[in-house]
2 protein chains.
Amino acid sequence: MSETTVSKRAPKLLRQTSTGRVAAMLRDQILSGALPEGMQLRQEKLAAELGVSRVPIREALHQLEAEGLVRLETHKGAVVSGLSIDDLEEVYEIRARLETWLLELSMPLLTQQDYARAEALLATMAEDQQDEHWSSLNWNFHSALYAPANRPQTLELIRKLYLNAYRHFPLPIRLTGGRDRMHREHELLLKLCREGDVQRAKDHLEQHILMGARQLISRLKAMRRRDADHS
Amino acid sequence: MSETTVSKRAPKLLRQTSTGRVAAMLRDQILSGALPEGMQLRQEKLAAELGVSRVPIREALHQLEAEGLVRLETHKGAVVSGLSIDDLEEVYEIRARLETWLLELSMPLLTQQDYARAEALLATMAEDQQDEHWSSLNWNFHSALYAPANRPQTLELIRKLYLNAYRHFPLPIRLTGGRDRMHREHELLLKLCREGDVQRAKDHLEQHILMGARQLISRLKAMRRRDADHS
DNA sequence: CGCTTGAACATTGAATGCAATTTTATTACG
DNA sequence: CGTAATAAAATTGCATTCAATGTTCAAGCG
């Protein structure tokens with residue numbers, strides 16, 4: 001046997017490629033806001049930081065471009081993409097359409113376990129003061145209510161819209177002032193689901209999404225104005 | 001007038017990269033059905049055919065993977081992805097939700113020019129016996145009705161869903177028997193829009209999409225069964 | 001002083017080469 | 001004859017290298 005055993009550390013499920021790792025890494029950084037919109041992504045710099053050559057970097061960037069997270073301009077490089085205010089509003093409108101639809105489908109199918117899970121998530125969100133995981137907990141709560149609808153593609157589509165829109169709101173304004181309101185709205189939504197009032201539940205969810213978006217966007221506008229003035 | 005093409009994107013007269021050419025080429029081939037679902041895409045073969053090295057091929061494949069047109073498995077290669085029957089049905093359901101929404105938004109804003117354009121498209125579809133361009137004409141007709149809603153992201157999303165679903169229906173069954181029915185439904189839709197009956201127009205559009213899907217899918221099922229038996 | 005020019009530099013785009021992995025072919029054995 | 005073991009071939013993943021393009025900046029000219 002060829003004795004090439006160079007102390008290969010437990011390979012396990014290390015079936016991941018460099019390109020995949022790089023893509024996942026960059027995706028996380030962008031969606032978390034660590035790489036702000038407009039930031040230039042230099043291939044060589046990334047390659048050095050991540051310890052790979054430029055080839056997997058480029059492959060990952062092409063993936064992210066198709067996902068809409070970066071813009072690639074020929075011979076100029078990659079830039080973290082941004083969404084205009086109009087784009088953001090439209091994303092929330094799409095969410096409102098699709099989420100109310102999923103809720104309508106899933107409401108008759110919700111079990112006590114689903115409700116228990118949703119309530120547990122609400123409790124966790126209320127307790128956690130760090131705001132760190134609020135975004136993902138919030139998504140988990142919403143998706144828990146839609147899961148019985150059994151529309152995996154729709155759910156995945158909404159998830160991407162949610163994450164991609166959310167990153168544009170810097171942490172300071174994501175929850176400011178809205179935390180209690182959000183909690184009350186979530187509880188009301190759950191109550192309406194339990195009561196089986198489909199129409200009111202849908203209307204409430206639509207308002208929850210659209211009004212939340214409007215609030216966030218108005219704060220974002222104010223912040224951008226302030227930034228523009230300051231500079 | 002606004003009788004130009006629907007492409008609102010920037011004129012892509014910029015330097016085109018090999019990767020971009022390859023991606024566009026493969027995308028066309030896949031969406032047109034020339035590369036059938038399940039087909040293996042060999043990097044070296046594609047590179048030879050297109051006269052480039054494997055690098056741009058790989059970058060293009062990563063783009064197409066993010067677009068959902070191919071599946072990439074580590075060290076095994078790329079295959080043209082397929083949609084299950086359930087997936088197809090779900091795609092049409094999403095279309096029904098979003099298209100009825102856009103129609104509701106745009107109906108009050110439709111002008112005589114919009115109607116004229118839609119009717120011209122219908123006429124072209126009726127005349128053209130080749131079925132060659134029917135798919136894109138059909139899309140142009142639908143999108144013409146939604147354009148005034150001014151929801152570019154939604155429109156683009158629907159377009160992708162439409163094209164990506166349509167390719168799974170082989171040419172022989174795309175129109176069989178349904179051509180006249182489609183034409184009548186399109187004319188009725190236009191009539192309802194002109195009359196300003198939002199609710200009936202939305203309901204009709206929803207039925208148009210969902211029933212069309214059901215018809216196509218049942219034919220597809222039959223065909224797959226027959227194929228399975230034959231082999 | 002402002003503007004153009006162009007050359008050095010920086011960055012991206014693509015080809016080549018090689019290692020890692022999978023697939024196919026071949027052989028050994030029951 | 002069928003099946004497991006194994007070598008050979010094919011294929012992918014990635015690093016390196018070279019080519020093409022964009023950017024910067026200083027010198028030359030009005």
Side-chain angles (χ1 to χ4, degrees), chain A residues 1-27 29-30 35-81, chain B residues 10-27 29-30 35 38-67 69-81:
Chain A
M1 304 291 284
S2 55
E3 199 61 36
T4 63
T5 54
V6 191
S7 102
K8 37 197 289 184
R9 64 181 79 166
K12 291 182 180 175
L13 294 189
L14 199 52
R15 183 145 302 274
Q16 210 182 11
T17 66
S18 292
T19 298
R21 266 199 311 279
V22 172
M25 167 78 162
L26 289 176
R27 189 162 30 233
Q29 300 265 323
I30 292 174
L35 295 176
E37 97 182 40
M39 175 150 186
Q40 273 266 3
L41 300 179
R42 297 292 178 198
Q43 298 177 3
E44 202 126 17
K45 190 162 179 291
L46 291 174
E49 284 173 11
L50 300 177
V52 296
S53 86
R54 277 172 42 220
V55 175
I57 302 282
R58 291 172 57 85
E59 290 175 354
L61 287 176
H62 278 282
Q63 279 187 234
L64 297 181
E65 185 196 28
E67 293 171 20
L69 297 184
V70 305
R71 274 189 8 250
L72 272 176
E73 237 160 320
T74 307
H75 278 124
K76 292 180 83 172
V79 180
V80 178
S81 72
Chain B
K12 197 133 188 198
L13 296 185
L14 294 175
R15 278 249 186 299
Q16 206 177 12
T17 66
S18 293
T19 298
R21 266 198 313 277
V22 172
M25 167 78 162
L26 289 176
R27 190 162 29 232
Q29 300 267 322
I30 292 175
L35 295 176
M39 175 150 185
Q40 272 266 3
L41 301 178
R42 295 295 178 198
Q43 298 177 2
E44 204 128 14
K45 190 164 180 290
L46 292 173
E49 284 174 10
L50 300 177
V52 296
S53 84
R54 278 173 42 221
V55 175
I57 301 283
R58 292 173 55 84
E59 291 175 352
L61 287 176
H62 279 282
Q63 279 187 231
L64 297 181
E65 186 196 29
E67 293 171 21
L69 296 184
V70 305
R71 274 189 9 249
L72 272 176
E73 235 161 320
T74 306
H75 278 127
K76 292 179 88 173
V79 296
V80 178
S81 72

query: Taking CD1 from Ile57(A) and P from dT11(C), how many angstroms apart are they, rounded to a whole number?
result: 15 Å
message: Can you identify which nucleotide, out of dG17(C), dT12(C), dA15(C), has its nearest atom closest to the Pro56(B) side chain?
response: dA15(C)
task: May I ask you to verify if any side-chain N or O of Gln16(A) is less than 4.0 angstrom from the OP1 or OP2 atom of dG13(D)?
output: no
field: Length of the line joining Glu44(A):CD and dA15(D):C1', which is rounded to integer Å
entry: 12 Å
message: Would you say Lys76(B) places a side-chain N or O within less than 4.0 Å of OP1 or OP2 belonging to dT11(D)?
response: no
task: Identify whether any heavy atom of Arg58(B) sits under 4.0 Å from a base atom; if not, whether one sits that close to sugar-phosphate; answer base, sugar-phosphate or nothing.
output: base
task: Could you tell me the separation between the CZ atom of Arg58(A) and the OG atom of Ser53(A), rounded to the nearest 0.5 Å?
output: 10.5 Å
Contact under 4.0 Å: Thr74(B) side-chain N or O vs dT21(C) OP1/OP2: no
task: Using a heavy-atom cut-off of under 4.0 Å over every strand shown, decide if Leu41(A) touches base, sugar-phosphate, or nothing.
output: sugar-phosphate
query: Will you find, in the side chains of Arg54(B) and Gln43(B), an N or O donor that is under 3.5 Å from an N or O acceptor?
result: yes
message: If I take atom CD in residue Gln63(B) and atom P in nucleotide dG13(C), what distance separates them, rounded to the nearest angstrom?
response: 11 Å
- prompt: Considering heavy-atom distances to DNA chain D, does Val52(A) or His75(A) have its closest nucleotide positioned more toward the 5' end?
  reply: Val52(A)
message: How many whole angstroms separate atom CG of Leu46(B) from atom C1' of dA10(D)?
response: 15 Å
- prompt: Can you tell if the side chain of Glu73(A) reaches within under 4.5 Å of the side chain of Val79(A), non-hydrogen atoms only?
  reply: no
message: When you compare the side chain of Leu41(A) with that of Leu64(A), does any pair of heavy atoms fall below 4.5 Å?
response: no
message: At 4.0 Å (heavy atoms only), tell me whether Arg54(B) reaches a base, stays on the sugar-phosphate, or touches nothing.
response: base
- prompt: Which sits closer to the 5' end of DNA chain D, Gly77(B) or Ser53(A), going by the nucleotide each is nearest to?
  reply: Gly77(B)
query: What nucleotide, of dA14(C), dT12(D), dT12(C), holds the atom closest to the side chain of Gln43(A)?
result: dT12(C)
- prompt: Separation of Lys45(A) atom NZ from dA10(C) atom P, in whole Å?
  reply: 16 Å
Leu72(A) CG to dT12(C) C1', straight-line distance once rounded to whole Å: 10 Å
statement: Rounded to whole Å, CZ of Arg42(A) lies from C1' of dG13(C) at a distance of 15 Å
Glu73(A) CD to dT12(C) C1', straight-line distance once rounded to whole Å: 13 Å
query: Which nucleotide in the list dT16(C), dT12(C), dT21(C) gets nearest to the side chain of Val55(B)?
result: dT16(C)
- request: Compare the minimum distances between each of dT11(D), dA14(C), dC14(D) and the side chain of Glu59(B), then state the nucleotide with the smallest one.
  value: dA14(C)
task: Quick one: closest heavy-atom pair of Val70(A) and Leu61(A), and the distance?
output: CG2-O, 3.7 Å
